[in-house]
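First the structure, in the form of structure tokens, and then the observations on it.
As the structure lists them, so they are numbered: ligands from 1, and atoms in each ligand from 1. Counting begins at 1 with the first residue of the sequence.
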Amino acid sequence: MAEIGRDILKAKALLETGQLVAIPTETVYGLAANAFMGDAVAEVFHVKNRPTFNPLIIHSDSIDKIRDYVKAIPGQAAKLAAKFWPGPLTMLLSKDRQVPDLVTAGSDLVAVRVPKHPLTLELLKSIDFPLAAPSANPFGYISPTTAEHVSKQLGRKIPYILDGGPCEVGIESTIIGFDAERPVIYRLGGVSVEEIEREIGKVDIRPHSSSNPKAPGMLKSHYAPSKKVILGDLVQLIHQYKHEEFAVISFRDFYPDVALEKQAILSESGDLREAAARLFATLRYLDKLPIKYIFAELLPEHGLGRAINDRLKRAAAERA
Ligand code: TXA
Ligand code: MG
């Protein structure tokens, strides 16, 4: 069973010898490997049960190190890096030859980001290779936002989990690319569209398709609990399914007709940041209850609300 601790030297030693370590970031926990060791990267796909056509993000502690892993950093990317790194933004850039093809699933682009978590930044500073790290969950399931989430699902398969406490942002990084006329957002995430547009002007948003070659991992059904998730008007759903066992995720409101332990409020004050930080832990908690359905309502479609709604829709999508 994985040891859980805060020992950076131990994490470093394991990564240097090609073993996997779960690492905290501000978004979600990652399952990290030395990105330059083919066997270690292969093990990441194996442990997650992840198809190898789905590429991995590489993590580093500074844009200066990242310069060595890419051919060039376009002006708009440099501007975003200056504003949002360390932080929940991933950029697709032309990859340097030394980044293994397995990491990028054969693509000429590599996804790079500087995560914002003190433990992981310290770890990254202490090593001279980047970390390839997808979210530390079995493929298709909800991303982990605590060390315990990682331990429950992957603890038997990895030696160490670096415990950095609950993730502050709680949803994955925003992914942006620059090879079209306008920058394209391929995954809505921790940096909002509005924040990005304030820096570099209008962007296109193409988040949803499984046929999108730019983000093969953005499958329609993802982040999926095992209970059936239904989105809609909560008052109506609660009435319509009154003879069934269900739980409710609401943005701000309490529903007196529903048992206390079967409802989760994402943010009573209507704070989208708080709602994002609570979303995945809430889905996990409700998924374990003896119920048949999870009902949820969509949040306001702005700021982090867009990324939250994206995750709720994927959680509710029919599985192939
Ligand atoms: O917040 C995050 O980004 C977290 C933390 C651990 O950093 N990581 C994460 O990784 O969410 P993952 O593997 O669960 O999602 C990465 C997404 C996938 O949908 C993948 O298809 C896309 O990034 N991606 C990675 N490399 C890519 C590439 N070269 N071209 C296009 N899409 C890429
Ligand atoms: Mg993931």
Side-chain angles (χ1 to χ4, degrees), residues 20-33 35 41 44-45 47-61 69-70 84-96 99-117 120-121 124 130-145 149-150 153-154 161-162 164 167-179 184-191 206-224 276 280 307 310-311 314-315:
L20 306 191
V21 173
I23 55 165
T25 82
E26 80 282 33
T27 59
V28 301
Y29 275 71
L31 178 62
V41 175
V44 169
F45 286 97
V47 164
K48 266 191 71 108
N49 199 12
R50 173 168 171 132
T52 49
F53 61 73
N54 191 359
L56 307 179
I57 296 173
I58 69 173
H59 300 70
S60 188
D61 59 285
Y69 314 142
V70 302
F84 298 112
W85 280 355
L89 181 71
T90 295
M91 301 206 259
L92 299 176
L93 302 174
S94 273
K95 90 174 189 72
D96 181 81
V99 178
D101 287 332
L102 184 58
V103 169
T104 66
S107 166
D108 292 340
L109 299 177
V110 59
V112 289
R113 107 172 171 97
V114 178
K116 187 177 179 177
H117 190 289
T120 291
L121 280 171
L124 286 166
L131 294 177
S135 52
N137 50 285
F139 183 67
Y141 195 67
I142 305 158
S143 295
T145 53
H149 293 164
V150 181
Q153 291 189 303
L154 302 182
I161 301 170
L162 195 57
C167 299
E168 214 179 313
V169 174
I171 47 174
E172 299 83 353
S173 59
T174 302
I175 301 180
I176 190 165
F178 305 94
D179 58 347
V184 179
I185 290 181
Y186 293 103
R187 179 173 73 184
L188 297 162
V191 177
R206 279 184 230 151
H208 257 109
S209 67
S210 45
S211 58
N212 183 348
K214 275 285 140 42
M218 307 310 309
L219 304 174
K220 192 163 175 232
S221 165
H222 218 72
Y223 314 102
F280 287 157
D310 171 83
R311 302 304 187 273
R314 285 175 206 272

Discussion item. Just to be sure I read this right, does ligand 1 sit under 4.0 Å from the backbone of Leu56, its side chain, both, or neither, counting only heavy atoms?
Written reply: backbone
Worksheet entry | Element-labelled atoms of ligand 1 that are located less than 4.0 Å from some non-hydrogen atom of Ile57 | 3 (O), 8 (N), 9 (C), 10 (O), 16 (C)
Worksheet item: How long is the span from the NZ atom in Lys48 to the OG atom in Ser135, to the nearest 0.5 Å?
Response: 3.5 Å
Worksheet item: Should Lys95 and Asp101 count as an ion pair when the cut-off is N to O under 4.0 Å?
Response: yes
Worksheet item: Judging by distance only, is a nitrogen or oxygen of Thr104 under 3.5 angstrom from one on ligand 1?
Response: no
Item to complete: Using a strict 4.0 Å cut-off to heavy atoms of Pro134, name the atoms of ligand 1 that fall inside it.
Response: 10 (O), 12 (P), 13 (O)
Worksheet item: What do you reckon, does Thr25 have a nitrogen or oxygen under 3.5 Å from a nitrogen or oxygen of ligand 1?
Response: no
Item to complete: Measure His117 to ligand 1 on non-hydrogen atoms and call it side chain, backbone, both or neither using the 4.0 Å cut-off.
Response: neither
Practice prompt. For Glu168, look at atom CD and say whether over 12 heavy atoms of other residues, nucleotides or ligands are found less than 6.0 Å away.
Written response: no
Practice prompt. Answer yes or no: does an N/O atom from Ser107 fall short of 3.5 Å to an N/O atom of ligand 1?
Written response: no
Worksheet item: Does the distance from a Lys or Arg side-chain N to an Asp or Glu carboxylate O, for Glu172 and Arg311, drop under 4.0 Å?
Response: yes
Fill in: Spatial distance of atom CG (Asn49) from atom CG (Leu154) [nearest 0.5 Å]
10.5 Å
Worksheet item: For ligand 1, which atoms sit closer than 4.0 Å to a heavy atom of Ala111?
Response: 25 (C), 26 (N), 27 (C), 29 (N)
Item to complete: To the nearest 0.5 angstrom, please state how far the CD1 atom of Ile23 sits from the CG atom of Leu124.
Response: 6.0 Å
Discussion item. Only heavy atoms of Glu172, strictly under 4.0 Å: list the atoms of ligand 1 that pass.
Written reply: 1 (O), 2 (C), 11 (O)
Worksheet item: Should the pair Arg113-Glu26 be classified as a salt bridge under the 4.0 Å nitrogen-to-oxygen rule?
Response: yes
Practice prompt. Check whether any N, O or S atom of Ser135, backbone or side chain, sits closer than 2.8 Å to the Mg ion (ligand 2).
Written response: yes
Worksheet item: What pair of heavy atoms forms the shortest contact from Ala35 to Val41, and how long is it?
Response: O-CG2, 3.8 Å
Worksheet item: Which of the atoms in ligand 1, numbered in the order shown and given with their element, are less than 4.0 Å from a heavy-atom of Leu109?
Response: 29 (N)
Worksheet entry | N/O separation below 3.5 Å, Tyr29 to ligand 1 | no
Discussion item. Show me which atoms of ligand 1 lie under 4.0 Å from any heavy atom of Ile175.
Written reply: 17 (C), 22 (C), 23 (O)
Discussion item. Against Val44, only a single residue in Thr52, Val103, Leu20 fulfils side chain to side chain contact (heavy atoms under 4.5 Å, CB included); can you say which?
Written reply: Leu20
Worksheet item: How many angstroms lie between atom CZ of Phe280 and atom CG of Asn137, to the nearest 0.5 angstrom?
Response: 8.5 Å
Worksheet item: How many angstroms lie between atom CZ of Phe45 and atom CG of Leu102, to the nearest 0.5 angstrom?
Response: 5.0 Å
Item to complete: For ligand 1, indicate whether the residue Lys95 contacts it via side chain, backbone, both or neither (heavy-atom separation under 4.0 Å).
Response: neither
Fill in: Proximal atoms of ligand 1 relative to Ser173 (non-hydrogen, under 4.0 Å)
1 (O), 2 (C), 3 (O)
Fill in: Enumerated ligand 1 atoms positioned under 4.0 Å from heavy atoms of Asn54
18 (C), 20 (C), 21 (O)
Worksheet item: If you measure from each heavy atom of His59 to ligand 1, is any distance below 4.0 Å?
Response: yes
Fill in: Sub-3.5 Å N/O-N/O distance, Lys48 and ligand 1
no
